[in-house]
Amino acid sequence: MKDLPTGAQFVSGVEEARPAAREQLGQGADLLKVYADWATPTLTVDELRVIIDEAHKVKRKVAVNAMTPEGVRNALAAGADSIEHCHNADRAALELIRQKGVFLVPTVGILKDLWAQRRRGGAGFQFVPETLSTS
């Protein structure tokens, strides 16, 4: 058994992004998940692009956590195979996902749970829309 990396790998710049992707893939990753944003963008288009290019060279997919319109646009510009979550995307970002034929994994179950927590007086996430249906 290979000694697999654990947890997230932080990168800064293309010069760190490419070797990090290669390390994960070299250790046997069959999919890479990266964060295009976390409230604000965390990876540039260029950083995302080299990670995605490295994965695609060895026929692996890349799922990109993108919550903001800018994160979605950056991920799509870089060639993401899927967009994960997308909770704060605007209509233009959603249309771009559709136009490019990229998979969207909206993870709506957690939104319903967080909305229910807020309704019961818990914190939940502040961005959970009040109009989210509980049905």
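As a basis for the values below, the full set of heavy atoms in this structure was taken, side chains included, without hydrogen atoms, waters or symmetry mates. By convention here, the first residue in the shown sequence is residue 1.
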[Y] and [X], any side-chain heavy atoms less than 4.5 Å apart:
{"X": "Val64", "Y": "Tyr35", "value": "no"}
{"X": "Arg22", "Y": "Lys57", "value": "yes"}
{"X": "Val11", "Y": "Leu43", "value": "yes"}
{"X": "Val72", "Y": "Leu96", "value": "no"}
{"X": "Leu76", "Y": "Val102", "value": "yes"}
{"X": "Cys86", "Y": "Ile97", "value": "yes"}

Could you grab the distance from atom [atom1] of [X] to atom [atom2] of [Y], nearest 0.5 Å is fine?
{"X": "Asp46", "Y": "Arg18", "atom1": "CG", "atom2": "CZ", "value": "10.5 Å"}
{"X": "Gln27", "Y": "Leu25", "atom1": "CD", "atom2": "CG", "value": "10.5 Å"}
{"X": "Glu16", "Y": "Ile51", "atom1": "CD", "atom2": "CD1", "value": "10.5 Å"}
{"X": "Arg60", "Y": "Leu31", "atom1": "CZ", "atom2": "CG", "value": "9.5 Å"}
{"X": "Leu94", "Y": "Leu104", "atom1": "CG", "atom2": "CG", "value": "7.0 Å"}
{"X": "Asp81", "Y": "Phe103", "atom1": "CG", "atom2": "CZ", "value": "9.0 Å"}

Restricting to side-chain hydrogen bond (donor to acceptor under 3.5 Å, both in side chains), what partner residues turn up for Thr42, sequence neighbours left out?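 Expected list: none.
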Identify the two heavy atoms, one from [X] and one from [Y], that lie closest to each other, and give their separation to 0.1 Å.
{"X": "Glu54", "Y": "Ala21", "result": "CB-CB, 4.0 Å"}
{"X": "Ala36", "Y": "Ala66", "result": "CB-CB, 4.2 Å"}
{"X": "Leu32", "Y": "Ala29", "result": "CD2-CB, 4.0 Å"}
{"X": "Ala93", "Y": "Asp90", "result": "N-OD1, 2.8 Å"}

Listed once per pair and sorted, the ring-ring contact (aromatic ring centres under 6.0 Å, His included) pairs that draw on residues 54-85, sequence neighbours left out: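 The answer is His85-His87.
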Write out all pairs satisfying side chain to side chain donor-acceptor pair (under 3.5 Å) with one or both partners inside residues 66-80, taking only residues at least two apart or from two chains. Asp37-Thr68
Hey, is NZ on Lys100 packed in by over 12 heavy atoms from elsewhere, all under 6.0 Å?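 No.
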Glu84 and Lys33 ion-paired at < 4.0 Å: no
Is there a side chain to side chain contact (heavy atoms under 4.5 Å, CB included) between Val34 and Leu48? Walk through the geometry before answering. CA-CA 8 Å; Val34 297; Leu48 288 165; 3.7 Å; yes
